Amino acid sequence: MKLKAQPYDIEVGRYEVIINTVDAEELGIHAGDRVQVKNRDTLTAVVETTDGIVTPGRLGVYREAWEALKAVPDEIVDVLPASRPKSISFIKKKMDREKLTNDEMHDIIADIVEGNITEVELTAFVTASYMHGMDNDEIEWMTRAMVKTGDQISFDTHPIMDHHSIGGVPGNKISLCIVPIIAASGLLIPKTSSRAITGAGGSADLMEILAPVSFNADEIKKMTTQVGGCLVWGGATNIAPADDRIINVEYPLSIDPKSQLLASVMAKKFAVGADTMVLDIPMGNQTKIPTIQEGRKMARDFMELGDRLGMKIECAISYGGNPIGRAIGGGLEVKEALVMLESFTGPRSLLEKTINISGMMLEMGGMAQKNEGAKMAQELVKSGKALEKFKEIIEIQGGDPKITSEDVPVGDKVATVLSPKDGYVLDIFNKSLVQVCRIAGAPHDKGAGILIHKKKGEYVKKGDGLFTIYAEKEWKLDSAIKESLRNPIMFVEGMILERVQVV
Ligand SMILES: O=P(O)(O)OC[C@H]1O[C@H](OP(=O)(O)O)[C@H](O)[C@@H]1O
Ligand SMILES: O=c1cc[nH]c(=O)[nH]1
């Protein structure tokens, strides 16, 4: 069918066109199908249908396809139905619980990167992996495919250190402290992070408050070589580019399938040339890993994948049943991390976790003797060397090195939720906590989040502040307050939880 091309200057991340439903019917295609579009060039594009935006006889062409066709407005192009990429049948195979081959996995990942797969198809892949899982071969193949379809860095020196958390515990701002501690010791750490997946702020979201986080592979290598480390957003680089596209469909579902999680973390690490790393596995109620047994299984899976990739990995199964520190979300978390580096003060959970994971890394990297790493990490903070290093990292990434914890802005719309009774904080519900932060605006609004005043086990009197919600917009604060009342984030009770009696 011949149609008149008209441009839609909108970036959609793949070749996509809009066809009027009258023409779509004539071609025998539906929304989500593919068509071949030909002028002097030929490309395959995903179809969107419309009753109005594009009139019959015309073809709306989004930016990527328009640029690839080098089309001119009103140019006549040929449009024909095209078949779906083969990888759709491989996704179907995973939905049917079958094992994929190395080539099939590579095709799926390559099609994700090239934008040949729609969100619906990608969601089906992620959901099928969530429900049916993958074996170690498939996970290795997915990891290698994610690395191969993007840029890679290689350093002339070793070891190249890295740290990563599987996430799932609120307030886990430790990367902001660990990266400078390790770099201050003289080791190299080119740290890439994701944005929030199931949480209220990933490390990339937090670092972005202090400095830009979008860099390419060459820039990451240069910054790491110059100051010892960096903390950048993996999604902005062309490093393991499939990762961020997969995370984009995981985020709205708040799921992180184990197979994708392993590949996502390890592909980012392998691609930046890291060879020695510590993996944080937060474990506890309402985390990604509810029991120690599952934590050990996850650790074994990471170590086996590390072996297959030739990387030295140790895991720290950490306590995740309660938030790390007292600040959750954007600026609040960054402040808490900076206070820790400025004065080695703050919540014990943050200090202890940061120091112990850094200690493991210093031992693995050959900077400290066995069991001496934590002491060395502590000295690097107390001497101010870690803070000084963090400022160098902030500066090289384009931020203001003079920033202090006092300067970090937080939302000015605040409300403190009070305890309804005397008693103990018997539980904090991680998922409800994150939900309230997200409704308050996190991770997008950097000033949004929650500051916890009372943690698990602490005694409270009726009327004491339990936590304060921060937001940038009044209406978001109102919605967050309502959510925190509908779905409480804390359980306060006395020693007698309930009286059960004969009625
Ligand atoms: O949103 P949830 O699922 O909690 O976790 C995602 C976070 O966990 C990892 O943290 P890090 O980069 O190792 O500090 C990711 O990179 C991301 O920042
Ligand atoms: O980087 C990360 C961390 C957790 N889960 C992922 O999928 N990727």
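Both counts, for ligands and for their atoms, begin at 1 and track the order of listing. The structure presented is a predicted model; accordingly, all values stated were derived computationally and were not measured.
- Remark: side-chain polar atoms of Glu104 are paired, donor with acceptor, to backbone N or O of Thr101 under 3.5 angstrom.
- Close approach to Val265 involves these atoms of ligand 2, each under 4.0 Å from a residue heavy atom: 1 (O), 2 (C), 3 (C).
- Closest approach of Ser185 to Ile182, counting heavy atoms only: OG-O, 2.7 Å.
- Using a 4.0 Å cut-off between heavy atoms, Ser165 contacts ligand 2 through its backbone alone, with no side-chain atom that close.
- By the 4.5 Å heavy-atom criterion applied to side chains, Leu380 and Met376 are counted as neighbours.
- Between Glu458 and Arg326, at least one side-chain nitrogen of the basic residue sits less than 4.0 Å from a carboxylate oxygen of the acidic one, meeting the salt-bridge criterion.
- Ligand 1 has no N or O atom lying under 3.5 Å from any N or O atom of Ile166, backbone or side chain.
- By the 3.5 Å distance cut-off applied to N or O atoms, His163 is not counted among the residues near ligand 1.
- Looking from atom 8 (N) of ligand 2 to the surrounding protein, the closest heavy atom is Ser264 OG, 2.6 Å.
- Interface of Gly167 with ligand 1, defined as ligand atoms under 4.0 Å from a residue heavy atom, comprises 4 (O), 5 (O), 8 (O).
- Here the shortest heavy-atom distance to atom 12 (O) of ligand 1, taken over Pro282, Pro443, Ser193, belongs to Ser193.
- For CZ of Phe429, the number of neighbouring non-hydrogen atoms (other residues, nucleotides, ligands) closer than 6.0 Å is greater than 12.
- At a 4.0 Å cut-off, not a single heavy atom of Lys173 sits close enough to ligand 1 to count as contact.
- Under a 4.0 Å heavy-atom criterion, Lys288 is in contact with ligand 1.
- The nearest protein atom to atom 1 (O) of ligand 1, hydrogens excluded, is given as Ile197 N, 2.7 Å; this is a heavy-atom distance.
- Checking only distances, Asn172 never comes within under 3.5 Å of ligand 1, N or O to N or O.
- Cation-pi geometry between Arg438 and Tyr251 is met: under 6.0 angstrom from the ring centre, within 45 degrees of the axis.
- Between Glu294 and Lys288, no side-chain nitrogen of the basic residue sits less than 4.0 Å from a carboxylate oxygen of the acidic one, so the salt-bridge criterion is not met.
- Using a cut-off of 4.0 Å between Lys/Arg side-chain N and Asp/Glu carboxylate O, Asp137 and Lys99 are scored as salt-bridged.
- Looking only at heavy atoms of the protein, atom 13 (O) of ligand 1 is closest to Ser165 N, 2.7 Å.
- Between Glu304 and Arg308 a salt bridge is recorded (basic side-chain N to carboxylate O distance below 4.0 Å).
- Between the CG atom in Asn487 and the NZ atom in Lys431 there is a gap of 12.0 Å [rounded to 0.5 Å].
- Around NZ of Lys148, the count of heavy atoms belonging to other residues, nucleotides or ligands within 6.0 Å does not exceed 12.
- Distances below 4.0 Å separate heavy atoms of Ala196 from the following atoms of ligand 1: 1 (O).
- Of the protein's heavy atoms, Ser203 OG, 2.4 Å lies nearest to atom 14 (O) of ligand 1.
- Counting heavy atoms under 4.0 Å from ligand 2, residue Ile197 touches it through the side chain alone.
- Of the heavy atoms in Asp256, only side-chain atoms (C-beta onward) come closer than 4.0 Å to ligand 2.
- At a heavy-atom distance under 4.0 Å, only side-chain atoms of Ser175, from C-beta outward, approach ligand 1.
- Here the protein heavy atom with the shortest distance to atom 16 (O) of ligand 1 is Ser194 N, 2.8 Å.
- On a distance-only criterion, His164 and ligand 1 share at least one N/O pair closer than 3.5 Å.
- Within ligand 2, the atoms closer than 4.0 Å to a non-hydrogen atom of Lys268 are 1 (O), 2 (C), 8 (N), numbered from 1 in the order shown.
- Among all protein heavy atoms, the one lying closest to atom 7 (C) of ligand 1 is Gly202 CA, 4.3 Å.
- A salt bridge links Lys92 with Asp96: the distance from a Lys NZ or Arg NE/NH1/NH2 to an Asp or Glu carboxylate oxygen falls below 4.0 Å.
- Every atom of ligand 2 with a heavy atom of His164 under 4.0 Å away is listed here by number and element: 1 (O), 2 (C), 3 (C).
- Heavy-atom proximity to Leu261, at under 4.0 Å, picks out these atoms of ligand 2: 5 (N), 7 (O).
- In terms of protein heavy-atom proximity, atom 4 (O) of ligand 1 is closest to Gly168 N, 2.8 Å.
- A salt bridge does not link Glu483 to Lys476: none of the charged side-chain nitrogens sits closer than 4.0 Å to a carboxylate oxygen.
- Of all the heavy atoms in Phe155 and Val272, the pair that sits closest is CE1-O, 3.3 Å.
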